[in-house]
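All figures in this text were calculated on a predicted structure; none of them were measured in a lab. In what follows, chains are A, B, ... by sequence order, proteins preceding strands, each numbered from 1.
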Protein chains: 2
Amino acid sequence: MFDLALHYGEGPVSLKNVAERQGISEHYLEQLISGLRKAGLVKSVRGAQGGYTLAKEPNKITVGDVIRVLEGPIAPVDCVAEEDPEFCQKAENCVTKGIWEKVRDSIAGVLDAITLEDMLKDAEKLQRDANFYMYYI
Amino acid sequence: MFDLALHYGEGPVSLKNVAERQGISEHYLEQLISGLRKAGLVKSVRGAQGGYTLAKEPNKITVGDVIRVLEGPIAPVDCVAEEDPEFCQKAENCVTKGIWEKVRDSIAGVLDAITLEDMLKDAEKLQRDANFYMYYI
DNA sequence: CAAATCCCGAGTATTTTAGTAAGCTATTGT
DNA sequence: ACAATAGCTTACTAAAATACTCGGGATTTG
């Protein structure tokens with residue numbers, strides 16, 4: 001998704017290209033992006049010169065959106081999963097459940113606050129810093 | 001650890017009792033508490049009438065302390081583990097690493113802010129609420 | 001038509017998790 | 001002394017999750 005954000009507005013990006021640039025197997029990417037497409041985060045264009053594009057602007061997609069599709073609902077333990085939490089008999093007077101809920105919300109808070117656009121900015125900064133050190137040495 | 005906190009100041013608590021009260025196998029508890037003892041969070045007393053006690057007051061032990069012993073260093077992904085993070089070639093200009101660091105710190109922040117004493121208070125409240133509903137119905 | 005791509009379902013190797021099992025060692029009460 | 005209690009240690013295991021690979025089909029473009 002970061003790679004797609006990087007080329008947002010330049011037409012469809014093929015998985016072959018993403019695979020090469022990011023060092024991830026094309027087959028594996030296909031599997032991952034399938035879910036992202038079904039979730040409406042990317043659009044696909046079939047056939048030669050086809051590929052994928054983000055379905056929304058990079059600042060409208062959060063890391064939380066992506067993670068929830070790829071990894072499932074945020075859930076430090078199953079009984080406090082964001083979706084379909086696993087039923088537990090002891091839940092009524094369980095002291096740890098409240099703790100896991102706090103953990104879950106704190107994770108979600110972080111992930112939902114970061115957009116793909118934020119990642120682009122961070123990447124630029126990383127690049128600038130790398131260049132700085134290059135010249136310095 | 002919560003059960004030991006519950007009986008803090010009453011002498012050693014045997015794993016047999018903890019196992020019965022908390023519905024966890026005694027054998028499994030032995031395995032878990034072994035690490036907690038080595039980490040200095042509990043003290044053991046061998047022999048008949050022996051058992052375990054917290055090594056510090058409940059307000060001096062955080063959930064983070066316990067989790068780190070039982071589950072290892074906090075690490076949403078291995079490359080940002082609190083201890084001995086796994087080396088990654090791409091780390092130099094990895095955009096996601098920073099995100100995972102924020103997630104890690106946010107989890108640690110929650111867990112380190114809750115003490116066993118806090119859990120005792122929460123448990124009391126859960127108990128009060130349960131009683132309230134019992135009378136109400 | 002052929003090449004480039006997306007699309008889909010199955011299969012797999014490794015690791016982690018949450019335990020079980022068996023047997024030893026230390027202490028205490030009678 | 002000795003039996004009962006309870007801690008201590010190592011090894012094993014069953015099930016699930018993870019991170020993939022593999023093969024083949026469906027679409028579109030030149």
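- If you check C:dT27, C:dA3, C:dC7 against the side chain of A:A48, the one that comes closest is C:dA3.
- Between C:dG19, C:dT5, D:dC8, one nucleotide has an atom nearer to the side chain of B:Y28 than all others, and that is C:dG19.
- You'll find that the side chain of A:K38 is closest to C:dC8, out of C:dC6, C:dC8, D:dG7.
- The line from CG of A:L41 to CG of A:L54 is 8.5 Å long, rounded to the nearest 0.5 Å.
- Residues B:L29 and B:V45 are members of separate hydrophobic clusters, defined by side-chain heavy-atom contacts under 4.5 angstrom among Ile, Leu, Val, Met, Phe, Trp and Tyr.
- Taking atom OH of A:Y52 as the reference point, atom C1' of D:dT27 lies 12 Å away to the nearest angstrom.
- Between D:dC8 and B:S44, a contact under 4.0 Å exists linking OP1 or OP2 to a side-chain N or O.
- Atoms CG (A:N17) and P (C:dC6) sit 9 Å apart, rounded to a whole Å.
- Between B:K43 atom NZ and C:dT27 atom P the separation is 16 Å, expressed in whole Å.
- Both B:S25 and A:V45 lie close to DNA chain C; mapped to their nearest nucleotides by heavy-atom distance, the more 5′-ward contact belongs to A:V45.
- By the rule that hydrophobic residues join a cluster once side-chain heavy atoms approach within less than 4.5 Å of another member, A:I67 and A:V77 end up as members of one cluster.
- Of the two residues near DNA chain D, A:H27 and A:G47, the one whose nearest nucleotide lies more 5' is A:H27.
- The CG-P distance, from B:L4 to D:dG7, rounds to 10 Å in whole Å.
- Residue A:L15 has its side chain nearest to C:dC6 when only D:dA19, C:dG23, C:dC6 are considered.
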Review point. Which is it for B:W100 and B:V80 under the side-chain contact (heavy atoms from CB on, under 4.5 Å) test, yes or no, and what are the steps along the way?
Key: CA-CA 7 Å; B:W100 294 124; B:V80 302; 3.8 Å; yes
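- At the heavy-atom level, A:V13 lies under 4.0 Å from the strands shown only through sugar-phosphate atoms.
- Atom CZ in B:R37 sits roughly 17 Å away from atom P in D:dA6 (whole-Å rounding).
- Atom NZ in A:K16 sits roughly 18 Å away from atom C1' in C:dC7 (whole-Å rounding).
- At whole-Å resolution of the value, CD1 in A:I24 and P in D:dA19 are 12 Å apart.
- Mapping A:Q49 and A:E71 onto DNA chain D by nearest heavy atom places A:E71 at the nucleotide closer to the 5' end.
- Whole-Å rounding puts the B:E30 CD to D:dA11 P distance at 16 Å.
- A donor N or O paired with an acceptor N or O is not found under 3.5 Å between the base of D:dT5 and the side-chain atoms of B:R46.
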Practice item. Would you please test B:K97 and A:D122 for salt bridge (Lys or Arg N to Asp or Glu O under 4.0 Å) and show each step? Key: CA-CA 11 Å; B:K97 187 174 175 186; A:D122 291 350; over 6 Å; no
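- Side-chain atoms of A:Q31 and base atoms of D:dT21 include a donor and an acceptor less than 3.5 Å apart.
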